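Just so you know, these numbers use all the heavy atoms, side chains as well, and skip hydrogens, waters and symmetry mates. As the structure is a prediction and not an experimental result, all values here were calculated from the model.
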Amino acid sequence: MKHDIRRIALAAVIPLFLIFILYLLKFLEVGMDWDFRRLGVYPMEQRGVFGIFAHPLVHGSWKHLLANTLPLLFLMWCLFYFYRHIASYIFFAIWIGCGALTFLIGKPGWHIGASGIIYGLAFFLFFSGILRKHVPLIAISLLVTFLYGGLIWNMFPFFAKETTSWEGHLSGAIAGTICAIAFMGYGPQRPDPFANEDDEEETLDEESEEESGKELGEKEQVNEEKADCHPIEEAGCHKVEEEPAS
């Protein structure tokens with residue numbers, strides 16, 4: 001029980017730290033009357049290259065930041081709890097992949113916000129659970145579908161608002177799907193249903209080998225005892241004394 005609680009708490013450390021950074025930057029931007037939008041992605045221009053790395057840290061308004069807080073926190077926690085050994089690699093790949101694709105396909109303008117990361121995490125968790133065919137991960141896939149299935153409409157220009165970066169959402173979804181396929185052989189896997197039978201067979205083989213070894217040892221011991229007994233019998237049973245000459 002304590003181990004599970006510890007795992008739950010550790011999985012929340014990085015998500016909470018990132019949320020703290022996002023709010024700290026927003027407080028600084030508002031309090032100091034700064035404008036961090038130029039830290040976003042500006043597609044196909046040199047001034048927008050740095051935004052590939054920095055764009056998820058900047059939000060246009062408090063409403064924008066609040067809308068992203070809970071989904072980002074929950075999906076990151078799922079990633080770091082269920083995929084803890086590879087979570088950092090996946091998160092970094094989604095972060096950079098989302099920014100790079102937005103830089104390539106985005107419309108002119110500053111693309112900011114962690115929405116692309118949210119789409120990347122949602123698509124990774126969904127497809128990774130399906131591809132791995134592991135029951136707990138499939139359950140997470142279904143939960144993500146139930147909670148965030150409606151996100152898919154904001155990936156297309158026909159349904160997204162003009163001020164919404166549908167390119168960033170689509171880029172995150174593509175990055176998450178690629179990560180699900182690329183990391184399919186790493187991290188948690190479906191247990192082998194025949195693993196226990198193989199272990200039992202190996203145990204039985206080892207026990208039979210031990211028993212046969214014991215039987216051979218007993219036979220060798222009996223043979224040694226017989227071999228030790230033969231000279232005594234020859235000396236004591238087959239000795240012929242000569243009668244003294246008269």
Ring pair (Phe, Tyr, Trp, His ring centres under 6.0 Å) for Phe124 and Phe183? Distances and angles first, verdict last.
CA-CA 10 Å; Phe124 170 81; Phe183 287 90; 7.2 Å; no
Using 0.5 Å steps for rounding, measure from the SG atom of Cys179 to the CD1 atom of Ile174.
12.0 Å
Consider only side-chain heavy atoms of I, L, V, M, F, W and Y, link residues closer than 4.5 Å, and tell whether Ile21 and Leu121 are in one cluster.
yes
Kindly give the heavy-atom pair with the smallest separation between Tyr23 and Leu66, and that separation in Å.
OH-CD2, 3.0 Å
Can a donor-acceptor pair be found, under 3.5 Å and without considering hydrogens, that links the side chain of Trp95 to the backbone of Phe53?
yes
A quick test of your reading: do over 12 heavy atoms of other residues, nucleotides or ligands sit less than 6.0 Å from CZ of Phe50?
no
Are Leu151 and Phe146 in one and the same hydrophobic cluster, where Ile, Leu, Val, Met, Phe, Trp and Tyr link if side-chain heavy atoms are under 4.5 Å apart?
yes
Treat each ILVMFWY residue as a node, draw an edge where side-chain heavy atoms are under 4.5 Å apart, and state whether Met184 and Ile138 are in one component.
no
Hydrophobic cluster membership, with links at side-chain heavy-atom distances under 4.5 Å among I/L/V/M/F/W/Y: are Ile52 and Met44 in one?
yes
Rounded to the nearest 0.5 angstrom, the NZ-CH2 distance for Lys26 and Trp62 is 7.0 Å
Would you say Ser165 and His111 are linked by a side-chain donor-acceptor pair, where the criterion is simply a distance under 3.5 Å?
yes
Look at the rings of Trp77 and Tyr81 and say which category their plane angle falls in: under 30° parallel, 30 to 60° tilted, over 60° perpendicular.
parallel
If you define the side chain from C-beta out and look only at heavy atoms, does anything of Cys98 sit under 4.5 Å from Thr102?
yes
About how many Å separate CD of Glu29 and CZ of Phe36, when rounded to the nearest 0.5 Å?
5.5 Å
Atom CZ of Phe20 and atom CG of Leu22: how far apart are they, to the nearest 0.5 Å?
10.5 Å
Within 6.0 angstrom of Tyr89 OH, more than 12 heavy atoms from elsewhere
no
Phe91 side, atom CZ; Phe80 side, atom CZ - distance, nearest 0.5 Å
6.0 Å
For the backbone of Leu125 and the side chain of Ser141, can you confirm whether one donor and one acceptor N or O come within less than 3.5 Å of each other?
yes
Least distance between heavy atoms, Leu72 atom then Ala114 atom
CD2-CB, 4.1 Å
Ala67 and Pro71: which non-hydrogen atoms are nearest, and at how many Å?
O-CD, 3.5 Å
Can you tell me how far CD of Gln189 sits from CG of Leu137, rounded to the nearest 0.5 angstrom?
9.0 Å
Between His59 and His64, what is the ring plane arrangement, given parallel below 30°, perpendicular above 60°, and tilted in between?
perpendicular
Would Leu131 and Ile181 count as a side-chain contact (heavy atoms from CB on, under 4.5 Å) here? Give the steps.
CA-CA 8 Å; Leu131 292 172; Ile181 297 171; 4.0 Å; yes
For Phe126, ring pair (Phe, Tyr, Trp, His ring centres under 6.0 Å) partners two or more places apart:
none
Is it the case that more than 12 heavy atoms not belonging to Arg47 sit under 6.0 Å from its CZ atom?
yes
Sole residue of Ile117, Ile118, Leu147 in side-chain contact (heavy atoms from CB on, under 4.5 Å) with Leu75:
Ile118
With a 4.5 Å limit on heavy-atom distance, are the side chains of Met76 and Ile14 in contact?
yes
Walk me through it: do Lys107 and Trp166 pass the test side-chain contact (heavy atoms from CB on, under 4.5 Å)?
CA-CA 10 Å; Lys107 60 179 176 287; Trp166 64 268; 4.1 Å; yes
When every non-hydrogen atom of Val144 is compared with those of Ala122, the smallest separation belongs to CG1-O, 3.7 Å
Should the ring pair Phe123 and Tyr119 be called parallel, tilted or perpendicular, given that the plane angle runs from 0 to 90° and is split at 30 and 60?
parallel
Steps toward side-chain contact (heavy atoms from CB on, under 4.5 Å) verdict (Ser128, Tyr83):
CA-CA 10 Å; Ser128 182; Tyr83 298 88; 2.9 Å; yes
Residues Thr69, Ile19; criterion side-chain contact (heavy atoms from CB on, under 4.5 Å); working and verdict:
CA-CA 7 Å; Thr69 298; Ile19 296 297; 4.1 Å; yes
Would Leu65 end up clustered with Leu16 when hydrophobic side chains under 4.5 Å apart are linked, directly or stepwise?
yes
Is it the case that the side chain of Arg132 and the backbone of Pro188 share a donor-acceptor pair, with hydrogens and angles ignored and the cut-off at 3.5 Å?
yes
Glu167 versus Pro157: any side-chain heavy-atom pair under 4.5 Å?
no
